[in-house]
Number of protein chains: 2
Amino acid sequence: MQNNSDDSQQTSAASKAYEVLRDMILNGDLPSGARITEGKIATMVGVSRTPIREAIQRLEHEHLIVNKIVVKPTETELRHTFQVRILLEGYSARCAAMFFTEKDFESLAEFVKIGRTGSLDEIMRANEQFHETIVRASNNPIMIDIIESMKSIIYLFSRTVVTRERPFLIDEHETIYETIKAHDADKAEQLMNQHLQADLDFSLHFINN
Amino acid sequence: MQNNSDDSQQTSAASKAYEVLRDMILNGDLPSGARITEGKIATMVGVSRTPIREAIQRLEHEHLIVNKIVVKPTETELRHTFQVRILLEGYSARCAAMFFTEKDFESLAEFVKIGRTGSLDEIMRANEQFHETIVRASNNPIMIDIIESMKSIIYLFSRTVVTRERPFLIDEHETIYETIKAHDADKAEQLMNQHLQADLDFSLHFINN
DNA sequence: ACGAATTAAATTGTATACATTAATAGTGAT
DNA sequence: ATCACTATTAATGTATACAATTTAATTCGT
């Protein structure tokens, strides 16, 4: 997952710790179920426990850590996350259909194109950006923030979806793109719902608990 | 606002700090726009800066504090919060219509009744519980958590709605209750949307920025 | 008197020390 | 061997110390 946060430069110890710890979890360096101890992580990252605690608090907010244990997302949890996502991104797709400009269409088209031609990493990134662009159409920072906070968990599974090459993934993006461009708000919402539901179902098929 | 959090007993300094600070903001003891300084609050609450920092982080997550400034919610911000609320509580009302049992109906009826007969504080509380009960119908901890995190901001305005006695507030609750009891999911969602929209519009009427 | 430059004061971020609590490992009795 | 109990260890929560920033105040030149 690319780092979108704006604190990649200023490298406060807390932000650095957050990113390192998050990436360790997302990469599987810290396997799900593993116990997090502040001291260990602190020496790993090379800072004191104070900024580590802050990082852990952030990651607990993202549900990547639940009382000091690296989360092993269950089927149920994934369903819950996607239910919220469907509501918020469905609404966002509706907004996109109503308010998007020519420039926005171009971005979306570009992400669809990369979805067809890019490398795996590029596809992952394009997938992410496609959804991000639509979410921004809500023009609602609260909503954007909520989706952002679910990104880590989402990432854990979008990897599955992309690397296992879920059928129709990009086709669906393209249809959504066209529907948004045609300003068909109802259909855009509906298609986004179906698209996310398909992502969820595909991911669930590969979950092993 | 009554304290629902489960940490009111164990009184960790951080939780205590969180509650004190939150209540100071909600009561207006710390007026919106006020600058929060860790040291001052620490001596106020009688703990060190460490747990205060944790409390501030939590309150920033709830958007009650934004970079050390007590938030003064703008019209736009309130609209954004309610947009999310409408999506999530609308869905929850739908779930309630589909899954609620006799016992749940009784709770709802009770909160409607208190809405008609109770003192101001009791009405506030009943209003809160009415919505809480419906949100729980989603049976989705992620969703419940998100609403919970918006509670402080919501509270700031539900006070206005109740003390200024918004017309039809309780009537709307009653209609929603009846619709849920009649298992009419579509209408329940629609009525909840309208109800929250009315709350928003009424609140906006008294906002002074 | 006004604004730029410099100094002083306050505030935050991080590290560390200590006290409390939770987890682990022994020990002994049945 | 198993369970209860104690002793040990480790980990967390909180306080404090210090360094790095930020903010406010002061001085100076024009």
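Every chain is numbered from 1 and lettered A, B, ... according to where its sequence line falls, protein lines coming before strand lines.
Between A:Lys16 atom NZ and C:dG13 atom C1' the separation is 14 Å, expressed in whole Å. One interatomic measurement links the two molecules: CD1 of A:Ile69 to C1' of D:dT12, which rounds to 14 Å at whole-angstrom precision. For B:Glu54 and C:dG13, the CD to C1' distance is 16 Å, given to the nearest whole Å. Going from atom CZ of B:Arg49 over to atom P of D:dA17 covers 12 Å, rounded to whole Å. Between the CD atom of B:Glu38 and the P atom of D:dT16 there is a distance of 15 Å, given to the nearest Å. If you measure from atom OH of A:Tyr18 to atom P of C:dG13, you get 18 Å, rounded to the nearest angstrom. Remark: C1' of C:dA23 and CD1 of A:Ile36 are 17 Å apart, rounded to the nearest angstrom. Distance, B:Lys68 NZ to D:dT21 P: 16 Å, rounded to whole Å.
An OP1 or OP2 oxygen of C:dA10 is reached within less than 4.0 angstrom by no side-chain nitrogen or oxygen of B:Lys40. Of the side-chain N and O atoms in A:Thr50, none sit less than 4.0 angstrom from OP1 or OP2 of C:dT14.
Residues satisfying the side-chain contact (heavy atoms from CB on, under 4.5 Å) test with A:Ile69, not counting sequence neighbours, are A:Arg35.
Among the candidates B:Ile153, B:Thr163, B:Asn127, the single residue satisfying the side-chain contact (heavy atoms from CB on, under 4.5 Å) test with B:Ser158 is B:Asn127.
Among the heavy atoms of the strands, none lies under 4.0 Å from A:Ile56. B:Ile52 comes within 4.0 angstrom of nothing in the nucleic acid, heavy atoms only.
Relative to the side chain of B:Ala13, the nucleotides D:dG13, C:dA15, D:dT14 differ in distance, and D:dT14 lies closest. Checking C:dT14, D:dT12, D:dT14 against every side-chain atom of B:Ala14, the shortest atom distance belongs to D:dT14. Looking at the side chain of B:Val47, the nearest of the listed nucleotides D:dA15, C:dT12, D:dT14 is D:dA15.
Comparing B:Ser48 and B:Arg35 by the nucleotide of DNA chain D that holds the closest heavy atom to each, the one mapping nearer the 5' end is B:Ser48.
Ring geometry for B:His195 against B:His131 counts as parallel: the plane angle stays under 30°, on a 0 to 90° scale with 60° as the upper cut.
No close placement of the A:His63 and A:His80 rings is indicated, their centers lying 6.0 Å or farther apart.
Between B:Asp199 and B:Phe157, the closest side-chain pair of non-hydrogen atoms is not below 4.5 Å.
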